[in-house]
There are 2 protein chains.
Amino acid sequence: MAKLSHQPLYRQVVREVLSRIEAAEWRDDEPLPSETELGKNFGVSQGTVRKALDELVVEGVLYRRQGVGTFVAGTSDFLARSRFTPLTGVGGEAPKFELLGCVRINAGEQLAEVLGQRRGAVLWQVRKLIRVAGAAVGLEEILLPERSFPDLDMRRVRELKGNVPELCWRDYGVRLKDGEVRYRAVPAAQAEARLLQVEVGEPLLQLVRLSRDFDGRPQVWSVAWLKTERDAFEPATSAEQD
Amino acid sequence: MAKLSHQPLYRQVVREVLSRIEAAEWRDDEPLPSETELGKNFGVSQGTVRKALDELVVEGVLYRRQGVGTFVAGTSDFLARSRFTPLTGVGGEAPKFELLGCVRINAGEQLAEVLGQRRGAVLWQVRKLIRVAGAAVGLEEILLPERSFPDLDMRRVRELKGNVPELCWRDYGVRLKDGEVRYRAVPAAQAEARLLQVEVGEPLLQLVRLSRDFDGRPQVWSVAWLKTERDAFEPATSAEQD
DNA sequence: AAGTGGTCTAGACCACGGA
DNA sequence: CCGTGGTCTAGACCACTTC
């Protein structure tokens with residue numbers, strides 16, 4: 001492997017592996033070649049390959065099974081990996097999602113800027129209801145620029161059960177990283193109040209995320225409103241990707 | 001280094017380094033011996049030492065400066081490392097803390113169980129007001145069992161500016177890990193409303209944490225109420241420890 | 001038994017910071 | 001200049017899973 005730029009070798013291996021995944025050389029849950037074999041292909045040692053794969057495992061791109069192999073991880077949503085747990089005690093339940101709709105809207109000024117679009121740009125708005133143990137506990141709104149994700153429609157979203165990162169990846173080759181999450185407590189507006197069966201003005205936990213691709217370009221904006229009367233929200237950590 | 005248990009070598013190095021830090025062999029912001037030297041002391045190679053130190057850097061116990069050395073990181077509070085940021089845009093401000101008091105209370109049933117104490121056990125309650133740009137935006141309550149932290153008093157808490165992890169570490173030799181955080185949105189009660197200058201019932205972001213020591217024993221329980229009308233809460237990630 | 005990830009070594013060289 | 005962290009190698013062996 002040639003020494004491009006001044007990046008360490010293992011970083012170049014990271015990039016190379018990523019781009020081969022993007023080229024669909026290895027698909028989800030398919031094993032990569034062994035570390036020693038990859039090393040031969042790339043002209044580096046097994047240890048260097050290992051260090052590169054370590055990074056991608058932490059990033060959640062790959063997962064390993066000892067004695068078996070290294071596999072491409074299916075993309076999954078941050079919210080889907082998080083849990084709703086009682087305040088004390090362990091465990092908690094994973095949320096389930098119910099697709100509400102997928103419509104076009106126009107970006108406001110701030111939203112356009114955040115997503116790197118021009119003002120008034122067309123965005124897809126995907127809305128999902130979040131259920132835990134059957135009860136509606138949250139609402140999620142996901143916004144994607146039509147420019148980057150043309151010809152989206154309800155059917156394609158539904159096929160993947162509303163898994164937007166998976167959709168971006170499979171249909172558009174855009175692999176999303178988990179974005180940083182920001183938290184607020186806000187009063188329920190009418191729309192949320194009706195869907196979540198709470199009074200207008202009741203406190204809701206609001207999660208705001210900007211997801212970027214692996215090149216750092218902002219791609220997807222999402223806002224969720226969660227009812228946390230019964231169960232608290234416990235975010236997924238990057239370590240427990242699988 | 002003898003092969004105790006069936007732990008890999010580098011994990012034993014991790015434990016050894018941790019216990020030497022606990023024994024105050026190296027103090028905060030003092031450099032450890034070089035990786036090669038540690039390797040000689042422990043009878044392992046530099047690579048193995050490095051892998052061990054990698055873990056402790058991720059955990060936030062150590063930090064490195066290229067070309068200089070590896071240092072013991074001062075303990076700091078999760079909240080103090082987090083930021084309050086506008087919903088869109090970057091940056092954001094670090095919070096400042098104002099110590100309100102330190103009193104004794106009795107543990108309720110649940111709290112006693114979570115902290116592994118008997119019902120009615122005596123706990124210290126440390127309360128802090130959280131300010132951002134001068135404005136009061138939050139209230140934090142920290143609870144520590146008197147049994148594990150005897151002879152605590154306001155003076156000692158004040159000396160360390162309310163930095164509880166630092167207090168536990170310096171005065172009691174208990175090194176706290178960042179606990180998992182759980183989030184809720186709750187209506188402001190009278191006490192919070194008065195201190196934060198909001199109406200009773202206004203939505204507040206509630207953070208609940210159980211911090212454990214490096215042996216996994218629960219040590220400190222803390223609850224914070226945050227006003228997020230203006231700025232959202234952006235939690236510290238374990239990676240950006242320094 | 002064979003093949004995979006997981007660990008470890010000894011030795012080498014590079015990049016950086018400080019004297 | 002030296003000593004530090006940071007990277008890399010070739011080769012070895014172990015632990016685990018699968019056949």
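Because the structure is a prediction, the values reported are computed rather than measured. The chains referred to below are lettered A, B, ... by the order of the sequence lines, with proteins before strands, and numbering in each begins at 1.
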Looking at Y10(B), I'd like to know whether one of its side-chain N or O atoms comes within less than 4.0 Å of OP1 or OP2 on dT7(C).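 The answer is yes; a side-chain N or O of Y10(B) sits under 4.0 Å from OP1 or OP2.
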
Ignoring backbone atoms, test whether T36(A) places a side-chain nitrogen or oxygen under 4.0 Å from the OP1 or OP2 oxygen of dT4(C).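 For dT4(C), neither OP1 nor OP2 has a side-chain N or O of T36(A) closer than 4.0 Å.
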
Using every non-hydrogen atom in the two residues, find where G179(B) and S211(B) come nearest and quote the distance to one decimal.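 Where G179(B) meets S211(B) most closely, the heavy atoms are N-OG, 4.0 Å.
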
Might you list the N or O atoms of the protein lying below 3.5 Å from N or O atoms in nucleotides 16-19 of chain D, with each pair's distance?
unit_1, atom_1, unit_2, atom_2, d
dC16(D), O4', Q66(A), NE2, 3.2
dT18(D), OP1, R65(A), NH2, 3.0

Separation of [N] [atom2] from [X] [atom1] (nearest whole Å):
{"X": "E37(B)", "N": "dG3(D)", "atom1": "CD", "atom2": "C1'", "value": "11 Å"}
{"X": "E35(A)", "N": "dA10(D)", "atom1": "CD", "atom2": "P", "value": "16 Å"}
{"X": "F42(A)", "N": "dA10(D)", "atom1": "CZ", "atom2": "C1'", "value": "19 Å"}
{"X": "L53(A)", "N": "dT7(C)", "atom1": "CG", "atom2": "P", "value": "14 Å"}
{"X": "K40(B)", "N": "dG11(C)", "atom1": "NZ", "atom2": "P", "value": "11 Å"}
{"X": "L9(B)", "N": "dA12(D)", "atom1": "CG", "atom2": "C1'", "value": "14 Å"}
{"X": "R50(B)", "N": "dA10(C)", "atom1": "CZ", "atom2": "P", "value": "18 Å"}
{"X": "D54(A)", "N": "dT7(D)", "atom1": "CG", "atom2": "P", "value": "12 Å"}

[X] side-chain proximity, nearest of [options]:
{"X": "Q46(A)", "options": "dA10(D), dG11(D), dG6(D)", "result": "dG11(D)"}
{"X": "K51(B)", "options": "dT7(C), dC8(C), dT9(D)", "result": "dT7(C)"}
{"X": "R64(A)", "options": "dT7(C), dG5(C), dC8(C)", "result": "dG5(C)"}

Are any of the side-chain nitrogens in [X] or [Y] under 4.0 Å away from the carboxylate oxygens of its partner?
{"X": "E159(B)", "Y": "R155(B)", "result": "yes"}
{"X": "E141(A)", "Y": "K128(A)", "result": "no"}
{"X": "E140(A)", "Y": "R209(A)", "result": "yes"}

Relative to the 5' end of DNA chain C, which residue comes earlier, G69(A) or G47(A), by the nucleotide with the nearest heavy atom?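 It is G69(A) whose nearest nucleotide is closer to the 5' end.
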
Parallel under 30°, tilted from 30 to 60°, perpendicular over 60°: which one fits the rings of F233(A) and Y183(B)?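 Plane angle between 30° and 60°, so tilted.
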
Go through the structure and list residues passing side-chain hydrogen bond (donor to acceptor under 3.5 Å, both in side chains) with [X], not counting sequence neighbours.
{"X": "E37(B)", "result": "none"}
{"X": "R131(B)", "result": "E98(B)"}
{"X": "T36(A)", "result": "S34(A)"}

End axis versus end axis in the helix from dA1(C)-dT18(D) to dG18(C)-dC1(D), the angle rounded to 10°, five pairs used at each terminus: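 Taking five pairs per end, the axes differ by 10°.
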
Of all residues at least two apart in sequence or in a different chain, which pass the side-chain contact (heavy atoms from CB on, under 4.5 Å) check with V174(A)?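 Counting only residues at least two positions away or on another chain, V174(A) forms a side-chain contact (heavy atoms from CB on, under 4.5 Å) with F149(A), C168(A), Y172(A), L176(A), D213(A), Q219(A).
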
What I want to check is whether the side chains of E35(A) and Q46(A) have a donor and an acceptor closer together than 3.5 Å.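 Yes, a side-chain donor-acceptor pair sits under 3.5 Å.
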
Using a 4.0 Å heavy-atom cut-off, does T70(A) contact any base of the nucleic acid, only the sugar-phosphate backbone, or nothing at all?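 Counting heavy atoms under 4.0 Å across all strands, the contact made by T70(A) is with sugar-phosphate only.
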
